[in-house]
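Just so we're on the same page: letters track the sequence lines, and every chain starts at 1. Because the structure is predicted, anything quoted here is derived from the model rather than measured.
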Number of protein chains: 2
Amino acid sequence: MIVPATIKDIAKRLNISISTVSYALNNGPRPVPEHVRERVLEVAKELDYRPNRIARLLNARRAFSIGIVPAKPDKDAFLSPHFQQLLNGVMNVLEDTKYAASVFAHHSAVNESEFIDSLTDGRVDALIFSGDIALEPIREAVTRRGLPSIALGADLSAAGPVFNADNNCGVRRAIEHLTEFGHRRIAYLGGPEETVDGRDRNKAFHTFREEFGLDTDPALVGIGRFIGPDGERFAEQLLQLKDRPTAIFCANDEMAIGVCKSAYRAGISIPRDWSVVGFDDYSHSWAVTPSLTTVHQPVAEMAAEATRALIHWVENDVTPESRIFPTSLVVRESSGPPFTT
Amino acid sequence: MIVPATIKDIAKRLNISISTVSYALNNGPRPVPEHVRERVLEVAKELDYRPNRIARLLNARRAFSIGIVPAKPDKDAFLSPHFQQLLNGVMNVLEDTKYAASVFAHHSAVNESEFIDSLTDGRVDALIFSGDIALEPIREAVTRRGLPSIALGADLSAAGPVFNADNNCGVRRAIEHLTEFGHRRIAYLGGPEETVDGRDRNKAFHTFREEFGLDTDPALVGIGRFIGPDGERFAEQLLQLKDRPTAIFCANDEMAIGVCKSAYRAGISIPRDWSVVGFDDYSHSWAVTPSLTTVHQPVAEMAAEATRALIHWVENDVTPESRIFPTSLVVRESSGPPFTT
DNA sequence: CTGAAAGCGCTAACAA
DNA sequence: TTGTTAGCGCTTTCAG
């Protein structure tokens, strides 16, 4: 067991006080004569000294660490492209700071209050919540305890600032895009109502379906859980219809990819027979054949901005405003004019 | 600014000593009369007390935290499916423990020794390294400082235990699979030699190409950087050949997907004209059309086992042995017998 | 049974 | 200029 050297060891070795060592090492706030400083640095290197972060943190009464709380019920939350983008955005900002990133897992068997305790035991200075309604009570609890947090893609009425993508506008652009091609009979596979994104996009779809005067056949509307197999199932249902849609809009990419797979199996050609539009623009979208037209959601940027805002909050005690980030339509190969015989 | 309560506050309130409070809260190691304990718990709840983790850690001289070090040169290391699987595996184990997960970012501008210092400043008890040759010197340095670590998918000669997938066997199975269909003219898109996986798989391919008596035309072999576009490019090259291969084996899925995309654009049907086999079996593979035949590499399990081993190491001071995890061929839609006119 | 006190490694106020 | 000391919040030994 290797026992790391401490400032005490350095002080002893040089027969000086630990405070002098500390000041020498930190280059302040109190001046230290250059020759002393040099010798301290020398001995420090000799003993392979490096400051104990935990001790520093205890003193600073700060953790210099940002926590990330993934979506809740999800056993494999870490596998979702959303989380991946989120983490990437956070890390890209943190790499230039003295802050560390701490990822939390929802303890399976343990009760919620214990989880909240672990969030607020001082191991992090602030939290980023993945947008998930189930996390709301947790967020409220930590907020009550004075821990800064920002929720990504959450309900705007939430307890604290929220950074959101403009789902409404994204849905509008997608529908606009399809109608410009001449599509009127557009199927929609929505997201779960327990999800903020699901709820918002579903609502937006119904709004704009009116506005654009689309076919309102209830058989064209379904709800999925944001997973591929639900897209496959939905497509299979649509295939049963005698009056099939000419386009399918899905509330996320995974489901859109599922639709594409079912279509491929059924010999439906995309975009000739069906135009397919997704939502999120995760890296998956590249892998699909044909590549997916989708609404881009800047998750990484949102996460990056949230991280910056949190650090600013922690350091200057200014609570950021909620923000809405623009979405944009990325037109690829899976959408086109309806095929007319 | 909310100032959290401490055991001192509780002690003062009850006019007892902090040690009694501590023992009451922790239920030991020293006995505390039930009625005292009850009152302590009561006041603790009243003051919304929760123990300060940092203080505890300082005392324990442990961080109760496992660090994750992603592959190095990669700006977006966190977006790779490999890292995703790795993190998932780690988190699934940690959720049932008192350990936290800390993700490290390679500070862009900062020099390497500073990074090493941050790894060894006591914030983590052990490290999991993503398999990347560029991390070797870093790993050596932290090992020298006595920090336990396991490398995932690294060179077996590395400084410390390594958990590896059986690349050799995986390559063998893939080739076997293709030859069983009757393929002889098999193209291979290898991985970068700077990667352990790339190197191992490339070497294995050449070995088994001999063993199975495959066509050794050098035009059939390329090297990619494990990214999709390199797969696309490789496929385009193959399309130029007058004597095209009947199957293509790629050292990872991303590149295999790239090959599929190029093939699709060129009107090449998979698996009729080309059989395509990948390596890794990441979730992407599901999204592709047709779905990809690939060699499964149990990254999440490897990461989970590594995490368990590290905790065991930290707590009982037993260094684990290096391990090799079996790979397996997952046959999907992208492979089949060669088309003969 | 329980309070006082030492100490984890560090920072910084206080003395000298 | 520099040493002594008091914490940070906790655990645990040492006295009583």
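Side-chain atoms of A:Arg56 lie closest to C:dC10 of the nucleotides D:dG3, C:dC10, C:dG3. Checking D:dC10, C:dA13, C:dA4 against every side-chain atom of B:Ser17, the shortest atom distance belongs to C:dA4. Listed candidates were D:dT12, C:dT2, C:dC10. Nearest to the side chain of B:Tyr23 is D:dT12. Taking only side-chain atoms of A:Pro29, from C-beta outward, the nucleotide of D:dG3, C:dA12, C:dT2 with the closest atom is C:dA12.
The cationic group of B:Arg30 does not satisfy the cation-pi geometry with B:Tyr23, failing either the under 6.0 Å distance to the six-membered ring centre or the 45° limit from the ring axis.
Within the 4.0 angstrom heavy-atom criterion, only backbone atoms of the sugar-phosphate kind lie near A:Asn52; the bases stay farther away. Contacts of B:Pro31 with the nucleic acid, taken as non-hydrogen atoms under 4.0 Å apart, are absent.
Going from atom CG of B:Asp9 over to atom P of D:dG7 covers 15 Å, rounded to whole Å. Atom NZ in A:Lys8 sits about 13 Å away from atom P in D:dT4, given to the nearest Å. Regarding B:Asn27, its CG atom lies at a distance of 14 Å from the P atom of D:dT12, rounded to whole Å. The nearest whole Å value for the distance from the CD1 atom in B:Ile7 to the C1' atom in D:dG7 is 14 Å. If you take NE2 of B:His35 and C1' of C:dT2, they are 12 Å apart, rounded to a whole angstrom. Rounded to a whole Å, the CZ atom of B:Arg62 is 15 Å from the P atom of C:dG9. For A:Ile18 and C:dA13, the CD1 to P distance is 15 Å, given to the nearest whole Å. Counting to the nearest Å, the C1' atom of D:dC8 and the CG atom of A:Leu57 are 11 Å from each other.
Residues B:Val124 and B:Phe104 form a side-chain contact, since some pair of their non-hydrogen atoms from C-beta on lies under 4.5 Å apart. The shortest distance between side-chain heavy atoms of B:Leu79 and A:Gln85 falls below 4.5 Å. The shortest distance between side-chain heavy atoms of A:Arg13 and A:Asp9 does not fall below 4.5 Å. Side-chain contact between A:Ile150 and A:Pro320: present, with at least one pair of heavy atoms (C-beta onward) separated by less than 4.5 Å. Considering only heavy atoms from C-beta on, A:Val314 comes within 4.5 Å of A:Arg62 through its side chain.
The base of D:dT13 has none of its N or O atoms less than 3.5 Å from a complementary donor or acceptor on the side chain of B:Ser19. Applying the 3.5 Å distance criterion, the base of C:dG3 shares a donor-acceptor pair with the side chain of B:Arg30.
Heavy-atom distances to DNA chain D give each of B:Pro4 and A:Val36 a nearest nucleotide, and the one nearer the 5′ end belongs to A:Val36. Along DNA chain C, the nucleotide closest to B:Pro33 and the one closest to B:Ala60 are compared, and the more 5′ of them pairs with B:Pro33. Where B:Leu58 and A:Asn26 meet DNA chain C, the nucleotide closest to each residue was compared, and B:Leu58 sits on the side nearer the 5' end.
An OP1 or OP2 oxygen of D:dC10 is reached within less than 4.0 angstrom by a side-chain nitrogen or oxygen of B:Tyr49. Between A:Thr20 and D:dT2, a side-chain N or O to OP1/OP2 separation shorter than 4.0 Å is absent. For B:Thr6 and D:dG9, the shortest distance from a side-chain N or O to OP1 or OP2 is not below 4.0 Å. The phosphate of C:dT11 has OP1 or OP2 within less than 4.0 Å of a side-chain N or O from A:Ser22.
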